[in-house]
Amino acid sequence: MQPSFLSNLNGVQLQAVENTDGPVMVLAGAGSGKTRVLTFRVAYLIHKGVDPHNILALTFTNKAAKEMKERIYQLIGDSKAHSVWMGTFHSVFARILKMESEKLNYPHDFSIYDTDDSKSVLKSVVRDFNFDEKVYNTGHLLNRISSAKMNLIDPEAYKADPEIQSQDRLAKKPLIWQIYQEYWNRCKRSAAMDFDDLLFNINLLLHKYPEILEKYQNRFKYVLVDEYQDTNFAQYLIMKKLAAQHQNICVVGDDAQSIYAFRGANIQNILNFSKDYPGAQVFKLEQNYRSTKRIVEAANSVILNNQSQLHKTVWTENDGGEPISLLKASNETDEALLVANSVFHSKMTYHLKNSDFAILYRTNAQSRALEDALRKMNIAYRVYGGMSFYKRKEVKDLLAYFRLVVNSADNEAFFRVVNYPVRGIGNTTINKLSVLASEREWPVWKIVSEIDSIQTGFNSGTIKRLKDFKELILHYQQQLNIVDAYDLAQKIAAGSGLIKALFEDRSPEGITRYENIESVLNGIRTFQDEFIAENEGKMPTMSDFLQMVSLFSNMDESDDDDDRLSLMTVHSAKGLEFPYVFITGLEENLFPSSMSMSSRAEIEEERRLFYVAITRAMSKLTLSYADTRYRWGDLNFCTPSRFLEEIDSSLLDIPRKFSQNKGFQRSLPLKSKSESPSTNYNHYNKKEVQAPVFSHPFSDEDVANAADLATGQKVEHARFGEGVICFIEGSGQNRKATVDFKGVGRKQLVLKFARLKIVIPD
DNA sequence: CTCCTCCCTTTTTTT
DNA sequence: AAGGGAGGAG
């Protein structure tokens, strides 16, 4: 018999839920009830008698997993809902790696390095190798290494891969393989895995040990993946392996919402699903339940400009709704005030809550002006993302103590706290320790703990201080299995001197830092209570807490009950919805980002990002842009985003007449005054006037033919000015040049779009 | 060894 | 605009 909760689904949704066996792909347009399908599917499986332990559901954030569990519980009222394996790829597989750690030669309590830890290791490698830190900057190195790992390329393979090697040589960074190798060794020596290692090692485990693969294939009889369009190769392969036996895999996604290619997500995963799983059933959810007609149409009109996409028609039965508003501001402060004013106005007119509003932006740095304006208007807000709580210095310091106690091999943790609070162990000592450890290929901790039997050359005072530190850590290690995580954390915070050091700083920042330490301790207590409730009374260890914290994403922070407006990046907003949405900073070089303008694929990803932003809105969407904006401390002139033109003008609000008084100003015709002289941005006249075109300052005959350009050629670019071509790669449409611009630096340009002019020397 | 000052980079998005 | 790192003085 069909359970009654299924009556809440439409026809396609129901099919997607009821076809539980065999491969299923659900292509879900924005707001079409994708989470609903996933939730109901899991509930239905349990209802049918599938053991929750046999279900694996991977979501994009821990928070989404948690919410899904709660909804399943509401649907079927079965506390077994908690036993479903549900979480992010990283958190679920970290848990499994912990159980199987000895197979891969890691201790049970290995550390997980976050991006900062990884960069810090890389920096020390580059220094120890005496490489130029400008050439081998950590950000780029981590990108290279990260994308290698997510394609399952270890240092050996990296070194042996001719294509990778030629890329690195072209980028004038031919020695990355050495750095990768050493980074790899150091992480291993520290018994640490970075984010990518978690996926790499799971693949290794499932590949190397057929019996383990079989074990998990049998455990996870039903697997579900949310946001499948954002999975990378490593994740794709894990799912493929796990599902190979029973084929009960259900993936849900939307190619139009793929926004993580920059992080290695491979859109082919979703495009090739039917090939990977012959006989897969495909369900398309095209009815949007979230947004008004105007919003849906605006989103559709924007995404139509992308060439590569699966065919899908998103439609809605909802009302037409209000027109989309456009706010034009003179600068970012002004923009923030206009937005805050508009929020205030709507709130008063329609009696709305703060939590009905979200303000979205492309980069975290944009939040500041908005925060100021909201404070002025007395609107309570909450900033998601940006500096996550667990990334703050004082918090990381405390966590480093925890890590060192749990895994004393963790060098990053060691160096972080060995002299904080200050205990007379300075740079000279630390460098020496580091050298001694490298020579022996030991963790630094081992040097310190065996200091009596090693010829170190330290004076007796230094040795005494190191021994005191050793005793401090050992003391807590002995208590690991005796007291609970919360008690231990409290003891460490006090005994390490951290609390005292922070307490003595009575500046406002110092007080905040002190309070943050308190919050961490409270956080452990909360974690402990929840863990006990979910694990039939089992106590969590300090290591459990650390694992949770390391894989905590900025979206996972729990919402309190306060009524607050949300401020977040568009990326963070994925999967969420709000009645009133503002998308701010719609300017060229910001949205789309200046970093993503060199190829069609990048622009298309930015456009999908804009699509995601639009489709967050339920009843009212407001867009805004500014004429000028501060960036890196200096003033920039901005042109409105090309995406604004892609919205059908009939959906936009007709602005009121020019009025400079009061704060509630609508969009005004833009006088072309920025460096792009022909920019004529004039939405409401569109019906009479031809759609404006962003014309280019260089006329067609001035622009060099891509084939005529060669290395060493002096060229001119409309935005970057004069420069010299360093090298050229690719051919035809994909021909790219790297150009060294005077005062701007190196840029990689796709010649088809760059419109370079040859500079003739006089 | 520690503290202070000055200079330099950073900002695209995140598990 | 701001925080972190390097380098110098005490």
Side-chain angles (χ1 to χ4, degrees), chain A residues 58-65 87-94 112-116 118-120 123 127 133-134 137-139 142-143 146 149-150 193-200 227 230-232 234-235 258-265 332 360-369 384-388 390-393 419-431 459 461-462 465 509 547-556 568-574 585 589-597 602 605-606 608-610 612-613 629-636 745:
Chain A
L58 297 167
T59 57
F60 202 68
T61 62
N62 294 305
K63 190 178 165 191
T88 62
F89 273 90
H90 291 85
S91 64
V92 166
F93 293 121
I112 298 174
Y113 276 179
D114 68 11
T115 311
D116 289 340
S118 300
K119 283 186 176 168
S120 162
K123 188 161 224 166
R127 278 186 193 168
E133 287 181 48
K134 298 251 159 55
N137 79 307
T138 53
L142 193 57
N143 271 338
S146 172
K149 281 186 185 169
M150 59 181 89
M193 297 193 200
D194 65 18
F195 290 144
D196 302 301
D197 285 332
L198 295 172
L199 303 178
F200 186 101
E227 310 281 14
D230 286 325
T231 50
N232 63 34
Q235 294 169 324
S258 153
I259 54 173
Y260 284 101
F262 75 92
R263 203 172 84 189
E332 76 241 71
L360 310 182
Y361 35 79
R362 179 66 178 81
T363 67
N364 282 306
Q366 287 166 255
S367 74
R368 171 163 257 133
Y384 290 81
M387 179 61 101
S388 145
Y390 287 104
K391 285 236 163 123
R392 300 209 165 114
K393 185 190 174 299
N419 196 34
Y420 183 79
V422 179
R423 44 176 77 89
I425 302 170
N427 276 333
T428 322
T429 310
I430 288 171
N431 288 338
N459 64 37
T462 304
R465 289 192 284 268
E509 300 81 29
Q547 184 198 308
M548 186 279 293
V549 163
S550 324
L551 299 172
F552 200 81
S553 77
N554 59 5
M555 289 311 296
D556 296 330
M568 63 180 89
T569 63
V570 182
H571 281 90
S572 307
K574 187 163 86 152
N589 296 321
L590 184 59
F591 199 174
S593 159
S594 56
M595 309 295 286
S596 307
M597 309 240 278
E602 285 178 335
E605 176 147 320
E606 293 284 312
R608 291 193 295 270
L609 194 56
F610 186 47
V612 168
R629 189 177 291 276
Y630 277 96
R631 241 182 155 182
W632 305 306
D634 51 23
L635 193 65
N636 275 68

### Task
Mind checking side chain to side chain donor-acceptor pair (under 3.5 Å) for A:N364 and listing every partner two or more places apart, or none if nothing turns up?
none
### Task
Using ring-ring contact (aromatic ring centres under 6.0 Å, His included) as the criterion, list what pairs up with A:Y113, not counting sequence neighbours.
none
## Note on the structure
Contacts of A:T88 meeting side-chain contact (heavy atoms from CB on, under 4.5 Å) (sequence neighbours excluded), chain-then-number -> A:N62, A:H90, A:S91
### Message
Without decimals, in angstroms, what is the distance between A:D116 CG and C:dG4 P?
### Response
10 Å
### Task
Validate the cation-pi geometry between A:K574 and A:Y260: distance from NZ or CZ to the six-membered ring centre under 6.0 Å, angle to the ring axis within 45°.
no
### Summary
For residues 360-369 of chain A, the salt bridge (charged side-chain N to carboxylate O under 4.0 Å, His left out) pairs (sequence neighbours left out) are A:R362-A:E606
Could you go through nucleotides 8-10 of chain C and list every protein N or O atom that sits under 3.5 Å from one of its N or O atoms, giving the distance for each pair?
none

### Message
Tell me every residue that passes ring-ring contact (aromatic ring centres under 6.0 Å, His included) with A:F610, counting only those two or more places apart in sequence or in another chain.
### Response
A:F591, A:F643
### Task
Under the side chain to side chain donor-acceptor pair (under 3.5 Å) rule, collect the residues that match up with A:D194, sequence neighbours excluded.
A:K149, A:Y183
### Task
Check whether any side-chain nitrogen or oxygen of A:R629 sits under 4.0 Å from OP1 or OP2 of C:dA1, and answer yes or no.
no
Check: protein-nucleotides 1-4 of chain B nitrogen or oxygen pairs below 3.5 Å:
residue	atom	partner	partner atom	Å
B:dC1	OP1	A:G426	N	2.6
B:dC1	OP1	A:T429	OG1	3.0
B:dC1	OP2	A:T428	N	3.4
B:dC1	OP2	A:T428	OG1	2.6
B:dT2	OP1	A:G424	N	2.9
B:dT2	OP2	A:N419	ND2	3.2

### Test side chain to side chain donor-acceptor pair (under 3.5 Å) applied to A:S572 - qualifying residues, sequence neighbours left out
A:T569
### Message
Tell me every residue that passes ring-ring contact (aromatic ring centres under 6.0 Å, His included) with A:F200, counting only those two or more places apart in sequence or in another chain.
### Response
A:W184
### Summary of protein contacts for nucleotides 7-15 of chain B, nucleotide by nucleotide, where a base hit scores B, a sugar-phosphate-only hit scores S (4.0 Å, heavy atoms)
--S-BBBBB
### Summary
Across all chains, not counting sequence neighbours, the side chain to side chain donor-acceptor pair (under 3.5 Å) partners of A:S120 are A:E412
